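A short write-up of the structure that comes next.
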Amino acid sequence: MHDLFFYLSTTTITLESALVRLAFSFIACGFIGLEREVHKQSAGWRTHIIIGLGATLLMLLSAWLPQTFGSDKSDPARIAAQVVSGIGFLGAGAFLKIGNNVKGLTTASTLWFSAGLGLTIGAGMWEISLVALGLALVTLILLEVFERKFFPQERLKVLQLWCEGELPDVRALQKIFNKYKITIQTIDASRSRSLKSTAKMKVLVRISVNVNIQALFDDLYKEGNIIKIRLQENI
């Protein structure tokens, strides 16, 4: 056990210390990737492990170069800096913008964190790496339960209402929206005066992902003149 801690923290890069740190990075980043895998994200277990191992490998190389060729001929921080900036391009591909909604930011953040974790492990700061890993897992797993309960995630969606005759009373709609904690952003409306007068209202709303859509639709239909309802992403 003493040798294990020694290889994790020594400033001298040897075969043994490199192998121990790579193994530690494999396990630590694997935990982060496993959490993303459980949530069915495209960047899951293997992606996070590969990123962490790559960052650790590059950090080991950064420490090994001045040890081998002299500190005057190589800068140990140069490769690490390139990893930090380069991982941003990979993280940018992990999230998707749908209209005004953005998905995948957490996964992009965990990719960036895995790279940082790998660099820290490669530098021999295993105690700090363990603390960071623990805090990250608490944030991703335990705080998610708290967030879902007290701060439910919201999305910007378009609610379309087709009406027979007159447009629905906005004040009546507002009462229904207040019941489901829906916030109105903008309202667009149109009305035709043909043989069969029809009207259409498009409402951009901020709505919780946990809302009871069936109950919401039932309450809207009670307004009487609404004949069709559609709720969709704001594209």
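The figures here come from the full heavy-atom set of this structure, side chains too, leaving out hydrogens, waters and symmetry mates. Since the structure is predicted, the reported quantities are computational estimates derived from the model, not experimental observations.
- The minimum heavy-atom distance between Leu117 and Ala28, with the atom names listed, is CD2-CB, 3.7 Å.
- Evaluated for a side chain to side chain contact (heavy atoms under 4.5 Å, CB included) with Val138, the options Leu135, Leu142, Ile141, Leu140 yield exactly one hit, Leu142.
- The one candidate from Val170, Asp219, Ile182 that meets the side chain to side chain contact (heavy atoms under 4.5 Å, CB included) condition with Phe177 is Ile182.
- Taking 4.0 Å as the cut-off between side-chain N and carboxylate O, Glu37 and Arg46 do not count as a salt-bridged pair.
- Heavy atoms of other residues, nucleotides or ligands lying less than 6.0 angstrom from CZ of Phe217 number more than 12.
- The nearest pair of heavy atoms linking Tyr180 to Asn212 is CE2-O, 4.1 Å.
- Minimum interatomic distance between Ala136 and Ile32 (heavy atoms only, all atoms of both residues): CB-CD1, 3.9 Å.
- The hydrophobic cluster containing Val131 does not contain Leu137, counting ILVMFWY residues as joined when their side-chain heavy atoms lie under 4.5 angstrom apart, directly or transitively.
- Within the 4.5 Å cutoff, no side-chain heavy atoms of Lys181 are placed close to those of Ser208.
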Can you check side chain to side chain contact (heavy atoms under 4.5 Å, CB included) on Leu156 and Gln185, steps first, answer last?
CA-CA 9 Å; Leu156 277 175; Gln185 302 293 312; 3.7 Å; yes

Side chain to side chain contact (heavy atoms under 4.5 Å, CB included) between Ile229 and Tyr221, worked out
CA-CA 8 Å; Ile229 302 173; Tyr221 276 125; 3.7 Å; yes

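- For the residue pair Leu22 and Leu60, the shortest heavy atom distance occurs at CG-CD1, 4.2 Å.
- Here the side chains of Leu167 and Leu161 are not in contact, with every heavy-atom distance at 4.5 Å or above.
- Thr47 has its side chain within reach of Leu111: a pair of non-hydrogen atoms, C-beta onward, lies under 4.5 Å apart.
- Contact annotation: the side chain of Ile227 never approaches that of Thr198 to less than 4.5 Å [non-hydrogen atoms, C-beta and beyond].
- Thr110 has its side chain within reach of His48: a pair of non-hydrogen atoms, C-beta onward, lies under 4.5 Å apart.
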Kindly indicate, with the supporting measurements, whether the criterion side chain to side chain contact (heavy atoms under 4.5 Å, CB included) is fulfilled by Ile207 and Thr183.
CA-CA 7 Å; Ile207 183 171; Thr183 304; over 6 Å; no

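- Contact of the Lys202 side chain with the Ile187 side chain is not registered, since no non-hydrogen atoms from C-beta on lie closer than 4.5 Å.
- Linking Ile, Leu, Val, Met, Phe, Trp and Tyr residues whenever their side-chain heavy atoms come within less than 4.5 Å places Trp45 and Phe24 in a single cluster.
- Follow the hydrophobic side-chain contacts under 4.5 Å out from Val158 and you never reach Leu216; the two are in separate clusters.
- Each of Leu204 and Ile226 belongs to its own hydrophobic cluster when Ile, Leu, Val, Met, Phe, Trp and Tyr are linked at side-chain heavy-atom distances under 4.5 angstrom.
- When all heavy atoms of Phe113 and Ala132 are compared, the pair lying nearest together is CZ-O, 3.5 Å.
- With sequence neighbours excluded, the residues that form a side chain to side chain contact (heavy atoms under 4.5 Å, CB included) with Ile27 are Phe31.
- The side-chain hydrogen bond (donor to acceptor under 3.5 Å, both in side chains) pairs that include a residue from residues 17-27 are Thr14-Ser17, Ser25-Thr56, where partners are two or more places apart or lie in different chains.
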Applying side chain to side chain donor-acceptor pair (under 3.5 Å) to Gln160 and Lys200, what does each step give before you reach the verdict?
CA-CA 7 Å; Gln160 297 184 72; Lys200 180 181 178 181; 3.1 Å; yes

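- In this structure, Ile121 is a member of the same hydrophobic cluster as Leu130, with clusters built from ILVMFWY side-chain heavy atoms closer than 4.5 Å.
- For the pair Ile184/Gln174, a side-chain contact is recorded, criterion being any heavy-atom separation below 4.5 Å from C-beta on.
- In terms of heavy atoms, Ser114 sits closest to Cys29 at O-SG, 3.8 Å.
- At least one donor-acceptor pair under 3.5 Å links the side chain of Asn225 to the backbone N or O of Glu166.
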Between Ile213 and Val211, does the side chain to side chain contact (heavy atoms under 4.5 Å, CB included) criterion hold? Intermediate values first, please.
CA-CA 6 Å; Ile213 296 179; Val211 70; 3.9 Å; yes

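- Residue Met59 holds its CE atom at 9.5 Å from CG of Leu61, rounded to the nearest 0.5 Å.
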